[in-house]
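Residues: numbered from 1 along the sequence shown.
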Amino acid sequence: MSVSESDIFISGSDISGLYTAILLCKSGLNVHIIDKKNNRGNKKRQMLGQIIILSPRTLQLLQQLDVLPLLLERGVRHSKIDLYENKGSGNQATTISRENIRLWENDITEFNYALSCEKAILCDILEDHLESQFGVRVDYKQSVTTIEDISPTTPNDLCTNDLNLYYQYRPLPSPNTSDCEKTLKLIQMNDVDTRQLKLWKSHTIIGTDDQTDMIRQKLGFHLKPMIMQTRIFYTLKVKVLQTNYPSTKQMSIINKNKDILFITGHNDCLYITFEPRSRWTKVCIDDEVPVQRTLRHIKYVMDPYNIEFGKVEKYTRWEAKQSICHERSEGMNYFFLSKASQHISPGGTFDVNLDLELTHNLAWKLSLSYRNRASPELLDTFDHESQMKTEEASTVSYHFLNLIGNYFGQQSEDSSKTGVNSSYMRDLTYFLKKYKSCFVGDSPYTPNLLNNVYTDDRAFLRGINDSGSTFEFIPPSQHPPPVQFVAGCLAPDAKLKPYTLFQLLLITPSLTKSPAPQTQLKSEDVMKHQKSTSTELKLKAHNSTRRTRSNSVTLDDSMGSSGSIWSVLPLFQKNSNQAASRKNSTCSTNTKKSISDAASLASNEPWKRIRTNHYKLLNSIQGIPGHHPLAFTILVFCGSICDPDTFDRVLRFRKYMDSPISFMIRYDQSPELITSVIKPSSSQRLSMSSVNSASYYRKSASIEIPRESFDSEMGHSLFSTSSANTSTTTTSSSSFCSSQSLFSTLYITSSSKNDCLRYLSSTPPAIVHSTFPCGLNKVFLDHDQQCYKSYAVQTSLPEVIIIRPDGYIGTRVPIYDDVEESYDCLSMYFDSFLRPPVDMNTAAAFVAASYDC
């Protein structure tokens with residue numbers, strides 16, 4: 001029986017499973033995804049009538065896949081949640097309290113609303129994207145039966161001399177071959193209908209459905225319930241024919257006579273959730289409440305608002321569950337997401353947003369680990385961060401259930417929770433405002449290896465006055481704004497000015513001219529000057545035309561050989577052609593538009609006439625040439641380029657970054673040797689040989705020659721496989737690693753437009769290039785300090801902020817006078833999780849141990 005192979009094996013094609021497959025395929029890994037359902041249509045029928053609420057953070061993640069426009073067309077936006085408190089019935093019915101909370105308004109993402117959509121629609125969009133973009137189809141009707149370990153094969157048929165030659169440049173086999181981190185997995189599957197057996201090999205298994213319960217239990221991982229008591233809720237989906245209720249297109253919570261309804265308006269239907277009470281249900285808790293009795297109760301609670309219901313499309317009885325699995329991974333072989341790791345109620349409110357966040361957290365860490373671009377400690381942070389997010393979501397959902405369920409019954413059972421001035425509306429408002437970040441999806445991670453909070457002892461010393469006391473009175477008006485966006489927080493999508501230094505160089509060539517010599521001009525020079533002047537006038541008259549490189553050359557010729565910065569214009573246009581060719585790039589589109597907008601403003605116009613057009617920081621990061629989903633973004637807030645003290649620190653810091661032993665050189669160039677291996681084993685994904693470790697500081701290809709010749713002579717390799725899919729994946733992964741950088745650098749200056757123009761015209765081109773070797777198209781202006789204020793950065797103190805591949809702030813390092821110390825802090829940060837470990841079982845380590853020191 002033939003055995004297929006892939007890097008990643010995913011069980012479950014729900015939202016989390018499909019999103020995992022897309023992210024891993026996008027990073028170049030080979031993925032196989034299965035589902036035990038019969039077909040795609042059967043899966044849609046099971047999801048029929050289920051609605052999900054997508055937070056602004058989830059919308060931000062889906063926007064990166066270019067699937068958000070399709071989702072916005074079929075979803076409903078919710079900008080606020082309305083709170084009602086009704087009283088009385090019939091002619092005496094009235095609303096005694098009504099308020100609204102803009103629950104999803106935030107400064108982090110560009111979305112100030114939540115989006116409701118049917119679960120089947122999002123699954124359809126993700127599955128179509130997976131198939132159209134990466135050619136991966138879900139393998140339906142497959143049920144996992146057993147999973148076995150495959151011991152790594154060794155060339156036992158070789159003689160002693162051949163073995164010595166074979167292991168000359170390879171790691172020796174580990175003495176502990178039973179370790180699950182160093183073995184392949186053989187997955188046995190059965191067709192649900194025909195019971196036909198199918199075999200599959202993979203290094204990593206990701207479970208996102210209940211089918212992986214037997215795997216989790218085999219590993220000793222158990223779901224621990226957070227709620228011991230049984231609570232029953234109902235959700236009713238009903239069409240609305242006619243009503244005067246003002247919140248039919250929003251979310252709302254209604255309280256009347258201790259009966260509470262949670263309502264979500266979606267298109268022409270209402271989704272109404274409630275916890276039944278025996279006072280009006282007249283049935284036992286184990287019996288289902290009749291639909292007609294439920295409709296009469298809903299009309300009573302909504303009174304004084306009249307409503308006429310149509311067809312009841314779905315009526316669901318469900319049990320509130322809060323269960324968490326504290327272990328979510330086993331080495332690099334097993335990972336559990338979504339239903340395989342937690343159950344959080346109510347479904348579709350908190351769980352779907354949590355699943356996508358944790359999936360994104362795992363995908364980029366697993367992709368870097370697969371390519372030996374990170375240490376095992378990076379993948380270990382997944383358990384820590386996912387556990388924190390899950391516990392937070394579980395706690396918030398538990399309190400939310402109490403507030404939309406039998407709130408008054410819970411309060412009477414535990415009177416200690418009731419305050420002196422406590423009321424339902426006051427408690428509900430307090431809860432929504434306190435946990436607003438959980439609804440938005442921007443709650444921060446706690447400090448760990450990736451979220452490193454920089455501690456500066458000198459800042460503490462500056463707070464001590466001469467008397468030795470740390471207390472110093474500061475008037476309220478002089479209190480500095482608190483630093484909100486520390487390490488672990490989601491990076492805000494701040495505003496930038498709609499031009500870069502390179503665009504200023506294009507739209508204002510006249511300011512870069514050298515002074516004319518004080519001599520009598522010849523007739524030819526006069527003609528040339530007139531021609532140049534007429535050219536500039538035509539350009540000003542047609543200032544909306546986009547300037548190309550040929551225009552810059554013409555302008556440079558008209559200036560003569562004066563050594564102007566225009567003579568080296570191609571030097572600053574680094575990778576600009578690549579940026580222009582990026583497809584579906586929002587930043588690229590905004591760049592073209594902003595060039596024409598900025599050109600139409602020619603330099604003589606006052607600032608107040610500039611159009612209110614901005615770049616978005618996150619779009620600018622994604623539009624950086626060479627930027628990819630696995631890259632760390634280095635934001636350098638360099639302050640004013642006219643401040644000699646501040647800018648001198650940036651220049652000295654830049655020298656450390658460009659040094660041959662900097663972390664950027666180490667972790668970008670060393671993978672060339674690592675990716676030369678045809679197919680690394682699972683043990684090699686966790687540890688690198690000492691030969692590869694030595695390649696950090698030198699580039700050598702000589703050790704690959706005997707390996708290739710020996711493998712071709714013996715006809716096989718320890719790392720080679722017969723799977724066609726594997727070889728294809730390895731090729732793509734190798735090209736991805738060797739051509740892509742782990743770091744994208746972006747500069748943000750607080751200088752004004754005129755200051756930047758003077759800097760470009762007065763500074764020698766060589767100095768400009770050495771200051772910004774990444775290119776002037778990566779130097780953005782923020783002269784009104786909108787981005788600086790969003791990140792709480794002082795303009796007088798340059799600072800480096802690292803943004804992780806998932807959009808969270810990794811660390812913040814101020815650039816003080818001691819630039820080397822700041823650089824060392826940044827270097828140690830990346831060394832803590834990017835440095836691959838040294839494998840002491842390698843041939844080089846074995847030979848070194850035989851010598852007496």
- Query: Do His343 and Gln322 have a side chain donor and acceptor closer than 3.5 Å?
  - Reply: no
- Query: Side chains of Leu65 and Leu23: does their closest heavy-atom pair fall under 4.5 Å?
  - Reply: yes
- Message: Is there a side-chain contact (heavy atoms from CB on, under 4.5 Å) between Leu450 and Arg804? Walk through the geometry before answering.
- Response: CA-CA 8 Å; Leu450 280 174; Arg804 303 173 2 171; 3.6 Å; yes
- Query: Salt-bridged, Lys198 to Asp191, with N to O below 4.0 Å?
  - Reply: no
- Message: One thing to verify: whether Asp831 and Arg835 come together as a salt bridge, which I'm taking to mean a side-chain N less than 4.0 angstrom from a carboxylate O.
- Response: yes
- Item | Worked check of side-chain contact (heavy atoms from CB on, under 4.5 Å) between Cys117 and Leu54 | CA-CA 8 Å; Cys117 71; Leu54 303 180; 4.2 Å; yes
- Query: Can you list the steps and then say if Met189 with Leu197 is a side-chain contact (heavy atoms from CB on, under 4.5 Å)?
  - Reply: CA-CA 6 Å; Met189 301 175 288; Leu197 180 64; over 6 Å; no
- Please work out whether the ring planes of Phe336 and Tyr334 are parallel, tilted or perpendicular, with thresholds of 30° and 60°. parallel
- Message: If you compare all heavy atoms of Pro225 against all heavy atoms of Ser323, which two are closest, and at what distance to 0.1 Å?
- Response: CA-OG, 3.7 Å
- Give a yes or no on whether a salt bridge exists between Asp193 and Lys141, defined as a side-chain N under 4.0 angstrom from a carboxylate O. yes
- Task: Can you establish whether the number of heavy atoms outside Arg137 located under 6.0 Å from its atom CZ is more than 12?
- Result: no
- Message: With a 4.0 Å cut-off on N to O distance, would you call Lys37 and Asp209 a salt bridge?
- Response: no
- Query: Are a donor atom and an acceptor atom from the side chains of Gln342 and Asp355 found within less than 3.5 Å of each other?
  - Reply: yes
- Query: Taking atom types as modelled and ignoring hydrogens, do the side chains of Asn451 and Glu385 form a donor-acceptor contact shorter than 3.5 angstrom?
  - Reply: yes
- Query: If we only count heavy atoms from C-beta on, is the Arg373 to Leu742 side-chain gap below 4.5 Å?
  - Reply: yes
- Message: Looking at every heavy atom in both Cys438 and Val396, which two are closest together, and how far apart are they?
- Response: SG-CG2, 3.5 Å
- Message: With no hydrogens and no angle check, just 3.5 Å: does a side-chain donor-acceptor pair link Ser367 and Ser27?
- Response: yes
- Message: Quick one, Arg40 with Asp128, criterion salt bridge (charged side-chain N to carboxylate O under 4.0 Å, His left out). Give me CA distance, side-chain angles, the key distance, then yes/no.
- Response: CA-CA 11 Å; Arg40 187 171 178 177; Asp128 291 339; 2.6 Å; yes
- Taking all atoms of both residues into account, what is the closest heavy-atom pair of Ser16 and Thr208, and its distance? OG-CG2, 4.1 Å
- Hey, does Thr273 have a side-chain heavy atom less than 4.5 Å from the side chain of Pro346? no
- Message: If you define the side chain from C-beta out and look only at heavy atoms, does anything of Leu358 sit under 4.5 Å from Leu362?
- Response: no
- Task: Measure the spacing between CG of Leu834 and CD of Glu377 and express it to the nearest 0.5 Å.
- Result: 11.0 Å
- Message: Within the 3.5 Å criterion, strictly below it, is a donor on Gln64 or Gln60 matched to an acceptor on the partner's side chain?
- Response: no
- Task: Could you tell me if the ring centre of Phe632 sits under 6.0 Å from that of Trp364?
- Result: yes
- Query: How about Gln188 and Leu199: do any of their side-chain heavy atoms sit closer than 4.5 Å?
  - Reply: yes
- Message: If only side-chain N and O atoms count, and only distance matters, is there a donor-acceptor pair under 3.5 Å linking Ser394 with Ser397?
- Response: no
- Message: Taking Gln46's backbone N and O only, do any of them form a donor-acceptor pair with Gln50's side chain (distance below 3.5 Å, no angle check)?
- Response: yes
- Query: salt bridge (charged side-chain N to carboxylate O under 4.0 Å, His left out) between Lys185 and Asp149: does it pass, once the steps are laid out?
  - Reply: CA-CA 5 Å; Lys185 300 298 176 182; Asp149 297 341; 2.2 Å; yes
- Side chains of Ile52 and Ile15: does their closest heavy-atom pair fall under 4.5 Å? yes
- Is a side-chain donor-acceptor pair under 3.5 Å present for Asp806 with His360? no
- Item | Asp383 and Ser386: side chain donor to acceptor below 3.5 Å | no
- Query: Looking only at side chains, do Thr264 and Ser116 share a donor and an acceptor under 3.5 Å apart?
  - Reply: no
- Task: Please name the pair of heavy atoms, one in Cys325 and one in Arg216, separated by the smallest distance, quoted to 0.1 Å.
- Result: SG-CD, 3.7 Å
- Arg45 side chain to Asn38 side chain, donor-acceptor N/O pair below 3.5 angstrom: no
- Task: Applying side-chain hydrogen bond (donor to acceptor under 3.5 Å, both in side chains), run through Ser55 and Trp104 and close with a yes or a no.
- Result: CA-CA 8 Å; Ser55 66; Trp104 298 277; over 6 Å; no
- Please report the closest heavy-atom contact between Phe335 and Leu366, naming both atoms and the distance. CE1-CD1, 3.9 Å
- With a cut-off of under 6.0 Å to the ring centre and 45° to the axis, is Lys389 in cation-pi contact with Tyr445? yes
- Message: With side chain to side chain contact (heavy atoms under 4.5 Å, CB included) as the test, pick out the partner of Phe262 among Tyr271, Phe274, Phe400.
- Response: Phe400
- Side-chain donor-acceptor contact under 3.5 Å, Ser202 with Glu5: no
- Query: Quick one: do the Arg328 and Thr390 side chains pair a donor with an acceptor below 3.5 Å?
  - Reply: yes
- Task: Using a 4.5 Å cut-off on heavy atoms from C-beta on, say whether the side chain of Glu275 contacts that of Ile232.
- Result: no
- Task: State, yes or no, whether a side-chain contact exists between Arg57 and Glu357 at a heavy-atom distance under 4.5 Å.
- Result: yes
- Task: Verify whether one side chain among Ser345 and Trp318 offers a donor that lies under 3.5 Å from an acceptor in the other.
- Result: no
- Query: How about Phe439 and Tyr435: are their ring centroids closer than 6.0 Å?
  - Reply: no
- Message: Please determine whether the number of non-hydrogen atoms from other residues, nucleotides or ligands lying under 6.0 Å from atom CD of Glu319 exceeds 12.
- Response: yes
- Yes or no on side-chain contact (heavy atoms from CB on, under 4.5 Å) for His399 and Phe431, after CA distance, side-chain angles and deciding distance? CA-CA 8 Å; His399 292 295; Phe431 167 80; 3.5 Å; yes
- Note on the structure: Heavy-atom nearest pair, Ser832 first then Ser375, reads O-OG, 3.8 Å
- Tyr315 and Tyr234 aromatic ring geometry - parallel, tilted or perpendicular at 30°/60° bounds: parallel
- Task: Taking atom types as modelled, find out whether Thr58 and Asn353 have a side-chain donor-acceptor pair closer than 3.5 angstrom.
- Result: yes
- Donor-acceptor pair, Thr109 side chain versus Phe111 backbone, under 3.5 Å? yes
